[in-house]
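Everything on this sheet refers to the single structure shown next.
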There are 2 protein chains.
Amino acid sequence: MARKKNSSAEVTGPRIRAAAQELFARHGYAAVSMRQIAAEVGVQAGALYLYTPDKQSLLFDMMRDHLAELLDTHAALPECADPMAALEQFTRFHIRFHNARSDSVFIAYMELRNLERANFTRIEAMRRSYEARLQEVLERGRAAGVFDVPDTKLAAFALIAMLTGVNTWFRETGRLSLSHVEDIYWDMVRKSVGG
Amino acid sequence: MARKKNSSAEVTGPRIRAAAQELFARHGYAAVSMRQIAAEVGVQAGALYLYTPDKQSLLFDMMRDHLAELLDTHAALPECADPMAALEQFTRFHIRFHNARSDSVFIAYMELRNLERANFTRIEAMRRSYEARLQEVLERGRAAGVFDVPDTKLAAFALIAMLTGVNTWFRETGRLSLSHVEDIYWDMVRKSVGG
DNA sequence: GTCTATACCGCGATAGAC
DNA sequence: GTCTATCGCGGTATAGAC
């Protein structure tokens, strides 16, 4: 146990990241100023530079952390020997994980253009790695004769786009619960791969 | 026949809109300056205001024109009495239309946040109107007992997200032709609605 | 660790000459 | 119809006091 801290040090950094995330999601990276972020946190603009080298790092770090958590959380799921069970697990996991982090997801998809080249390359690699995991499930199912999929790469793209789309319209207060939505989407996913 | 024009009048306006569209698609509305647009066209920044009242109108007009063309072109397609034929027609139309206008599509999805409220409302109404047309096809198919779809509204959202996703990865120079891609997606769409 | 003050730049938009 | 010049503002980022 080290000495008691005055709170500000450990608290301000996360608060800045949270404010930046919310503002980037709502207005877009390019439209948000460092002054706005500072005002949200209750500090002066200059003070932000004690916690981040620049605005670009704020964006890159939140995208990297989001994708790292996505990959880690997915990797921690129980193994499914049955391809059909694995596909259902992926479908439900994807919807739930993304719905619970709509700001991060929105930023990760919309702000790719605003990453500097080197940062973009790293983020893209993480995204492709996630897509590859779905593709592997489809590949296994096809090899086992359970799925009828002409092109597993395209099918993975198509399914991920479909599932991520839930984020654009789903609201907790709407007529359907998330688990009901999961059921409906899983029904479509299952049928679409000929299962 | 009116008097011969000096070319600049009729030509500069469209060139400005084209340059704005390309730059907005590439860098995002908020990140593009009027000076950049002017430089692309080869005029001074001040000259843009002879052709548009402001930057916001540049964005709104291109989104409105894009969606108007989408609705008009779709409405001009031949009627399909058979719901299955109608769904195939929608699928192939959507992929082809959107692939041919990737800049406009990108802007119409990514820059909604940058529309002023009144403009946003008008654009949203047009987008919903397009979604409703797919929903009607699904409704007809379900009524005829051809489709097995638990919720036609969700299915319409899911299918449009899936089809629009083609734009994020398809390249003319890739391993698959667009008509091959259409075939693969139509196969998934058809199966997903239980046809 | 946060502040004020500020450097330096580029923004959208307008005015008025030509 | 396009130009130059400019207004007023706000951008990112830094310097130096406390």
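All chains are named by letter (A, B, ...) in the order of the sequence lines, taking the proteins before the strands, and each is independently numbered beginning at 1.
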Donor-acceptor pair between A:E182 and A:T91 side chains, under 3.5 angstrom: no
Out of D:dT12, C:dA13, D:dT4, whichever nucleotide has its closest atom nearest the side chain of B:Q44: D:dT4
Closest to side chain of B:Y49, choosing from D:dA13, C:dC3, C:dA13: C:dA13
Nucleic acid contacts of residues 21-37 of chain B, taken as heavy-atom distances under 4.0 Å to DNA chain D: none
Any donor-acceptor N or O pair under 3.5 Å, side chains B:R113, A:H27: no
Atom pair distance, as rounded to whole Å: CG in B:N114 and P in C:dG12: 12 Å
Contact under 4.0 Å: B:T12 side-chain N or O vs D:dT2 OP1/OP2: yes
Side-chain heavy atoms of B:L159 within contact of B:L134, under 4.5 Å: yes
Integer-rounded Å distance: D:dT12 C1' and A:L48 CG: 11 Å
Pair A:H94-A:Y130, side-chain donor/acceptor within less than 3.5 Å: yes
A:I16 CD1 to D:dT12 P, straight-line distance once rounded to whole Å: 14 Å
pair B:N99-B:N167: side-chain heavy atoms closer than 4.5 Å: yes
Nearest-angstrom distance from the residue atom CD of B:Q56 to P of C:dG12: 13 Å
Within 45° cone of B:F97 ring axis and under 6.0 Å: B:R101 NZ or CZ: yes
Separation of C:dG1 P from A:L50 CG (nearest whole Å): 7 Å
DNA chain D: 5'-proximal contact among B:V43 and A:A45 (nearest heavy atom): B:V43
